[in-house]
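For reference, the structure discussed in these notes is given below.
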Amino acid sequence: MTALTPTLVRLKLSLLRGGLRQSAGRRAAFVCSAIAALLIGLLQMTGLIALGGFAHVENVVVIGAAVLALGWTVMPLFFPSGDETLDPTRLVMLPLRPRPLVRALLAASLVGIGPLYTLLVLTGCAVALAHGPAGWVAAAVALPLALLVCVALARTVAAANVRLLTSRRGRDLAVLSGLVIAIGAQVLNFGLQRLGSSTGLGQLQPVADVLSWVPPASALAAVHTASTGSYGLALAQLAVSVLALALLIVAWARSLTRLMTAPDGSTLQGADTNAPDHASASLLGRVLPGGRTGAVMERTLRYIWRDPKTKAAWVTSLAIGLIVPVFNAVQGTGSVYFACFASGMLGMQMYNQFGQDASAFWMVAMTISSPRDAYAELRGRALALLLITLPYALLVTVVTTALLGDWDRLPEVLGLSLALLGAMLATGAWTSARFPYSIPQEGHRNVAPGQAGLAFAAIFGGMVSAALLCAPVIAAVIWLNVAEGGSRWAWVLLPLGAVYGVGLTVAGLRLAAPRTVGRLPEILVAVSRG
């Protein structure tokens with residue numbers, strides 16, 4: 001019988017070549033990604049090697065290795081379709097034993113852009129810490145060990161969750177990616193600013209001491225430990241990573257055994273979920289208004305909760321809308337006016353309303369025969385958004401004001417936020433009818449191919465228009481802050497902004513209603529594409 005490991009490695013290479021032959025665009029994307037990963041990896045490797053003689057370099061290396069391993073752990077959850085060639089469910093019908101299959105899949109997992117980038121970074125980490133014969137010997141062991149632990153982490157997580165990740169409900173895990181990226185970017189920014197203080201990298205010492213015993217960072221920490229002459233401690237740190245690799249392989253093998261022998265949930269009789277659906281429907285029915293307005297609001301809220309793409313957009317907007325003003329306020333570099341960022345981020349959810357329906361929009365189009373019907377449809381969608389955006393904008397404004405202690409500006413900031421929200425709802429309703437575009441249900445694209453121009457015109461043009469519509473309120477804020485004694489009348493901006501925002505919203509909905517009726521065929525074609 002042919003050895004399984006070289007067979008799966010050749011299969012991986014064949015599948016990659018076959019995928020690249022499908023289109024020139026796919027080949028170009030792969031080549032560009034490979035070149036970018038190679039260049040970034042080489043630059044990071046060179047930078048780490050250059051840090052070899054500096055103090056506290058071991059802190060940077062250990063923490064960097066831990067972050068790299070964390071990325072390998074969570075990426076299968078965020079991008080479950082990123083490496084379809086190694087989906088073990090495709091091998092279920094083959095007579096393969098788990099342990100040889102684990103070895104073969106582990107070897108095949110080392111083929112790709114991700115492992116190449118990781119190898120370059122880990123090489124820089126190992127070389128930066130290695131000094132003396134013992135250090136270089138430890139580096140020769142730690143480098144492949146850390147790479148194998150990273151790959152085994154990813155494959156163990158993927159195998160344990162493959163049934164979930166390949167299901168439609170499992171795609172909701174991608175919602176976390178936007179939240180993690182948003183929070184991570186701000187935490188990284190905050191951390192870099194703190195590192196620029198007096199003590200610098202020395203602040204990382206307590207974190208590095210803990211992570212030096214967490215695989216695979218412990219393997220690289222062993223290089224530094226061996227270079228300083230603590231051979232017994234270095235062996236213990238290497239042993240921790242070896243033990244972790246062994247446990248990961250055992251867990252991976254058990255997941256594969258369960259995956260290839262247990263029945264799929266799709267073959268089992270589903271549970272009766274009518275009762276919860278009726279309960280939730282009756283609850284919403286009691287809270288929401290009756291008629292078409294309530295029905296549209298309920299449909300919109302269910303899209304937000306159930307549709308993965310819509311949920312991802314909302315979670316990302318909610319996270320960024322809170323993180324930007326709060327983090328800047330905590331760092332002492334913010335302003336209370338940053339609270340308007342929440343209204344701007346959530347107001348963007350009004351854009352491309354019909355594109356969120358995709359091909360199901362034809363059912364909505366059948367119920368629209370007059371501007372009055374279109375107005376009721378758009379009004380229901382706007383009210384559903386306001387159920388979330390109004391209390392959220394109030395919360396972010398109060399929290400930001402409390403962190404900065406600038407309570408005198410709360411009325412004007414809140415009034416400006418309400419005016420901006422009204423402008424975003426107005427322009428969003430109009431651009432939804434004028435520049436509709438399709439949102440692909442599969443993959444990670446938010447715009448169908450060939451419609452990027454429409455999306456840019458809708459979002460960028462709508463944001464500029466909203467800013468222009470808010471010019472009177474912005475001018476009033478500036479005038480009251482500049483004029484002598486104007487601060488005494490700042491409270492007027494709260495009711496002024498609220499009334500102005502409501503007026504903009506109503507005017508925008510009424511202007512968009514006849515355009516929606518007149519462009520129903522074009523909207524239906526545009527949102528059903530892709």
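One is the number of the first residue; the rest follow in order along the sequence. The shown structure was predicted, so the numbers you read here are calculated from the model rather than taken from an experiment.
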**Study point:** Set of ring pair (Phe, Tyr, Trp, His ring centres under 6.0 Å) partners for F354, sequence neighbours left out
**Key:** F361
Not counting sequence neighbours, which residues clear side chain to side chain contact (heavy atoms under 4.5 Å, CB included) with [X]? List them please.
X: P325; answer: F338, V396, T400
X: A140; answer: none
X: L243; answer: L247

Name every donor-acceptor pair, under 3.5 Å, that has one atom in a side chain of residues 34-44 and the other anywhere in the protein, sequence neighbours excluded.
| from | atom 1 | to | atom 2 | distance (Å) |
| --- | --- | --- | --- | --- |
| Q44 | OE1 | Y117 | OH | 2.6 |
| Q44 | NE2 | Y117 | OH | 3.4 |

So, taking the atom named [atom1] in [X] and the one named [atom2] in [Y], what distance separates them when rounded to the nearest 0.5 Å?
X: L143; Y: L119; atom1: CG; atom2: CG; answer: 5.5 Å
X: H224; Y: S230; atom1: NE2; atom2: OG; answer: 8.5 Å
X: L220; Y: I63; atom1: CG; atom2: CD1; answer: 12.5 Å
X: Q353; Y: L385; atom1: CD; atom2: CG; answer: 5.5 Å
X: I249; Y: R254; atom1: CD1; atom2: CZ; answer: 13.5 Å
X: L68; Y: C125; atom1: CG; atom2: SG; answer: 7.5 Å

Test of understanding: with side chain to side chain donor-acceptor pair (under 3.5 Å), list the residues that count as partners of [X], not counting sequence neighbours.
X: T118; result: W72
X: T397; result: none
X: T123; result: none

Close side-chain approach of [X] to [Y], heavy-atom, < 4.5 Å:
X: Q237; Y: V240; answer: no
X: Y437; Y: N352; answer: yes
X: V399; Y: V326; answer: yes
X: V223; Y: W136; answer: no
X: F460; Y: V464; answer: yes
X: M348; Y: M424; answer: yes
X: V242; Y: L145; answer: yes
X: W252; Y: L106; answer: yes

For [X] and [Y], which heavy atoms make the closest approach, and how far apart are they?
X: A130; Y: A139; result: CB-CB, 4.2 Å
X: L8; Y: A104; result: CD1-CB, 3.3 Å
X: A244; Y: P215; result: CB-CG, 3.5 Å
X: S438; Y: A526; result: CB-O, 3.3 Å
X: A138; Y: A222; result: CB-O, 4.1 Å
X: T310; Y: Q356; result: CG2-OE1, 4.2 Å

Review point. With a 3.5 Å cut-off and no angle check, do the side chains of S109 and R155 form a donor-acceptor pair?
Key: yes
Exercise for review: Could you go through the side chain to side chain contact (heavy atoms under 4.5 Å, CB included) check for I459 and F435 one step at a time?
Suggested key: CA-CA 9 Å; I459 297 175; F435 301 108; over 6 Å; no
Can you list every side-chain hydrogen bond (donor to acceptor under 3.5 Å, both in side chains) pair that touches [range], not counting sequence neighbours?
range: residues 210-221; value: S218-S241
range: residues 124-133; value: none
range: residues 340-349; value: S317-Q349

Check your understanding: Taking atom CE of M45 as the centre, does the number of heavy atoms from other residues, nucleotides or ligands within less than 6.0 Å exceed 12?
Key -> yes
For the pair [X] (side chain) and [Y] (backbone), establish whether a donor and an acceptor sit closer than 3.5 Å, ignoring hydrogens and angles.
X: Y392; Y: L322; result: yes
X: K311; Y: I304; result: no
X: T225; Y: A234; result: no
X: Y351; Y: G462; result: yes

Point to revise | Chi angles and distances behind the side chain to side chain contact (heavy atoms under 4.5 Å, CB included) call for V111, V9 | key: CA-CA 8 Å; V111 178; V9 172; 4.3 Å; yes
Practice item. Name all residues meeting the salt bridge (charged side-chain N to carboxylate O under 4.0 Å, His left out) criterion together with D209; count only those two or more places apart in sequence or in a different chain, and write none if there are none. Key: none
Exercise for review: Carefully, step by step, assess L129 and V57 under the rule side chain to side chain contact (heavy atoms under 4.5 Å, CB included).
Suggested key: CA-CA 8 Å; L129 297 180; V57 64; 4.1 Å; yes
Practice item. Applying side-chain contact (heavy atoms from CB on, under 4.5 Å) between L248 and each of L148, V151, V157, T156, report the one that passes. Key: T156
